[in-house]
Amino acid sequence: MESGAKKWGFQGKQGLEAASTTTVRGYINLLMGNINQDNCLTVVPLGHGDPSHFPSFRTTPAAEDAIVDALRSAKHNCYSTTVGTLPARRALADYLNRDLPYNLSPDDVYLTIGCTQGIEVVISILSRPGANILLPRPGFPLYEAWCAYNHLEMRHYDLLPEKGWEVDLDAVETLADENTVAMVIINPGNPCGNVFGYEHLKKIAETARKLGILVIADEAYDNIAFGSTPYVPMRVFGLTVPILTLGSISKRWVVPGWRFGWLVTSDPDGILQKSGVINSIAGFLNISSDPATFIQVC
């Protein structure tokens, strides 16, 4: 301690470092930090996960032109509303309404700073003392990081490789109890690359309804589906169980740095409104940042 100084009244947040190191970025930063800088060998970043860094992957000129036009108009240099601009939310609702047995409205759409902020929102609002959440194994590590930060107990169910990485629904029923708030599914799958079929998604919805939990559907890779199984959005089953859908333009448009995503509530029966989840989403966004306005109008 410095001579004459009193005891300092601040310190770093305990647990944050441990939570952050469980993310993909945390692991990569740890590995890169331990590389011998005197070694002349080239390091190939196999964990990069950003195709925009490579010249063979580039977004469409139409998207670039839309950004340029929005900036040059000088009409979109203002703050956005906390839930996102109405035209953007309306356009996204209309787009997501395709093939749904009910209609989403702009009020069901919340714009976020990429899918990452969507994960932050849903984990934060569902966390309460004693609660737990069901996560896929293998899955996307950011869920674990936010659960650890919010002290939300994690219970992992397995994906079954012999069944095309389908959810082990028997395990889901075994793991869940009266304190389980939600289960996360990632479809198309990350990191497995699988695509859940309609019938399996239906079984997931029915299981969640039986357990009284909502489904968080991470669909960051929506429509990037290969093989014979077509992509089906989980929100198709919103009449069976409340769905929170997370998505973004990062993957399909190859623009992860634009940081534009969404959180969509699919719940025609109004269960999320009655339980206070809707108010919690709006409240969280009131105290956080929102995506750049000029991105929203494109």
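As the structure is a prediction and not an experimental result, all values here were calculated from the model.
- Counting non-hydrogen atoms of other residues, nucleotides and ligands closer than 6.0 Å to CG of Asp99 gives a total of 12 or fewer.
- Leu201 is listed as a side-chain neighbour of Ile204, based on a closest heavy-atom distance under 4.5 Å.
- Only one option out of Ile123, Asp218, Thr116 pairs with Leu142 in a side chain to side chain contact (heavy atoms under 4.5 Å, CB included); it is Thr116.
- With no hydrogens or angles considered, a side-chain donor-acceptor pair links Asn132 and Asp177 at under 3.5 Å.
- Here the side chains of Leu96 and Arg235 are in contact, with some heavy-atom distance below 4.5 Å.
- Counting only N and O atoms by type, the side chains of Asp50 and Ser52 include a donor and acceptor under 3.5 Å apart.
- Put simply, CD on Glu120 and OG on Ser288 are 6.5 Å apart, with the number rounded to the nearest 0.5 Å.
- No single ILVMFWY cluster, assembled from side-chain heavy atoms under 4.5 Å apart, contains both Ile213 and Ile133.
- With 3.5 Å as the limit, one finds no donor-acceptor pair spanning the side chains of Asp290 and Thr82.
- Taken to the nearest 0.5 Å, the CG atom of Leu211 stands 8.5 Å off from the CE atom of Met183.
- Side-chain contact between Cys192 and Pro138 is present, with heavy atoms from C-beta onward closer than 4.5 Å.
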Intermediate values then yes/no, side-chain contact (heavy atoms from CB on, under 4.5 Å), Val83 and Leu111:
CA-CA 6 Å; Val83 296; Leu111 304 184; over 6 Å; no

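- The CG atom of Leu263 sits 9.0 Å away from the SG atom of Cys115 when rounded to the nearest 0.5 Å.
- Contact check for Val195 versus Asn187: side-chain heavy atoms found under the 4.5 Å cut-off.
- Residues Val215 and Val109 share a single hydrophobic cluster, defined by chaining ILVMFWY side chains whose heavy atoms lie under 4.5 Å apart.
- Put simply, CD1 on Ile278 and CG on Asp107 are 9.5 Å apart, with the number rounded to the nearest 0.5 Å.
- In summary, Lys210 and Glu173 engage in a salt bridge, as defined by a charged side-chain N under 4.0 Å from a carboxylate O.
- In this structure, CD1 in Ile119 is found 6.0 Å from CG in Leu246, a value given to the nearest 0.5 Å.
- Contact annotation: the side chain of Asn194 never approaches that of Pro188 to less than 4.5 Å [non-hydrogen atoms, C-beta and beyond].
- Inter-residue side-chain proximity for Val181 and Arg128 is flagged as met; some heavy-atom pair is nearer than 4.5 Å.
- Taking hydrophobic clusters as Ile, Leu, Val, Met, Phe, Trp and Tyr residues chained together by side-chain heavy-atom distances below 4.5 Å, Leu134 does not share a cluster with Val122.
- Applying the 6.0 Å contact sphere to CZ of Arg155 captures more than 12 heavy atoms from other residues, nucleotides or ligands.
- The list of ring pair (Phe, Tyr, Trp, His ring centres under 6.0 Å) pairs with a residue in residues 183-242, not counting sequence neighbours, reads Phe196-His200, Tyr198-Phe237.
- Both Leu92 and Ile295 are members of a single hydrophobic cluster when ILVMFWY side chains are connected at heavy-atom separations under 4.5 Å.
- Checking side-chain atoms of Asn150 against main-chain N and O of Trp146 turns up a donor-acceptor pair under 3.5 Å.
- Looking only at distances, no side-chain donor or acceptor of Asp168 sits under 3.5 Å from a matching main-chain atom of Tyr157.
- Counting only heavy atoms from C-beta outward, the side chains of Leu135 and Cys147 approach each other to under 4.5 Å.
- In the hydrophobic clustering of ILVMFWY residues, with side-chain heavy atoms under 4.5 Å counting as a link, Ile216 and Met234 come out apart.
- Residues Gln117 and Arg259 have side chains not in contact (no heavy-atom distance under 4.5 Å, counting atoms from C-beta outward).
- Counting only distance, with no hydrogens or angles, the side chain of Thr245 and the backbone of Ala217 share no donor-acceptor pair below 3.5 Å.
- Residues Gln296 and His76 have side chains that never bring a donor and an acceptor to within less than 3.5 angstrom of each other.
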